[in-house]
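Please read the structure below before turning to the comments.
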Amino acid sequence: MKTGQQEIICNCCKKVIQGQKAPYAEFLHVQKQWGYFSNKDGEKQEFDVCEACYDKWLESFQIPAKKTEVTEYV
């Protein structure tokens, strides 16, 4: 990573996902802006989750996430 860029830290486990010593790692970034009829009207939330925490999160789902195999990577 270029000097001066912020580290990306997992909001679940506090592990450094990307930074000087870990420049390339897969992670999930979520950004949600809540609208009318929610309990969070006008609130914007963002968080990052490392792959290990993402896997744990998926295991907690009552309905499994849909999986498809991708054969071409961009």
Side-chain angles (χ1 to χ4, degrees):
M1 292 194 107
K2 295 178 184 175
T3 306
Q5 286 186 325
Q6 290 183 333
E7 289 182 326
I8 298 172
I9 299 172
C10 177
N11 284 77
C12 294
C13 69
K14 297 183 181 179
K15 175 181 128 184
V16 175
I17 300 168
Q18 288 190 1
Q20 293 285 333
K21 295 182 181 178
Y24 305 106
E26 288 289 331
F27 65 98
L28 172 69
H29 177 79
V30 176
Q31 181 176 319
K32 171 65 177 164
Q33 184 170 330
W34 296 93
Y36 294 118
F37 310 111
S38 74
N39 292 327
K40 299 167 191 66
D41 288 358
E43 189 173 311
K44 181 179 175 183
Q45 297 176 337
E46 291 185 64
F47 61 90
D48 299 304
V49 179
C50 71
E51 188 173 3
C53 289
Y54 175 80
D55 291 340
K56 289 178 191 174
W57 186 28
L58 282 186
E59 288 174 11
S60 74
F61 287 11
Q62 295 297 308
I63 299 172
K66 181 179 178 181
K67 292 182 186 180
T68 54
E69 187 173 340
V70 176
T71 57
E72 291 186 33
Y73 295 93
V74 178

### Task
Step through the shown structure and confirm whether more than 12 heavy atoms of other residues, nucleotides or ligands are within 6.0 Å of NZ on Lys56.
no

### Distance, nearest 0.5 Å, that separates CZ of Phe47 from NE2 of His29
9.0 Å

### Query
Does any N or O in the side chain of Gln18 come within less than 3.5 Å of the main-chain N or O of Ala25, such that one atom is a donor and the other an acceptor?
yes

### Residues in side chain to side chain donor-acceptor pair (under 3.5 Å) contact with Glu43, at least two apart in sequence or another chain
Gln45

### Query
Around atom CD of Glu46, are there more than 12 heavy atoms of other residues, nucleotides or ligands at under 6.0 Å?
yes

### Query
Going only through I, L, V, M, F, W and Y residues with side-chain contacts under 4.5 Å, is there a path from Tyr54 to Phe61?
yes

## Note on the structure
In terms of heavy-atom contacts, Cys10 and Cys50 come closest through SG-N, 3.4 Å

### Task
Would you please name every residue forming a side chain to side chain contact (heavy atoms under 4.5 Å, CB included) with Asp41, sequence neighbours left out?
Tyr36, Ser38

### Enclosure of Lys15 NZ (heavy-atom neighbours >12, cutoff 6.0 Å)
no

### Summary
Sorted by chain and number, sequence neighbours left out, ring-ring contact (aromatic ring centres under 6.0 Å, His included) with Trp34 holds for none

### Task
Using modelled atom types only, decide if a donor and an acceptor are shared between the side chain of Asn11 and the backbone of Asp48 within a distance under 3.5 Å.
yes

### Query
Honestly curious: do Leu28 and Ile17 fall in one hydrophobic cluster under the side-chain, below-4.5 Å linking rule?
no

### Query
Distance from Gln62 atom CD to Ser60 atom OG, nearest 0.5 Å?
8.0 Å

### Task
Find out if a path of hydrophobic residues (ILVMFWY) with successive side-chain heavy-atom gaps under 4.5 Å connects Ile8 to Val30.
no

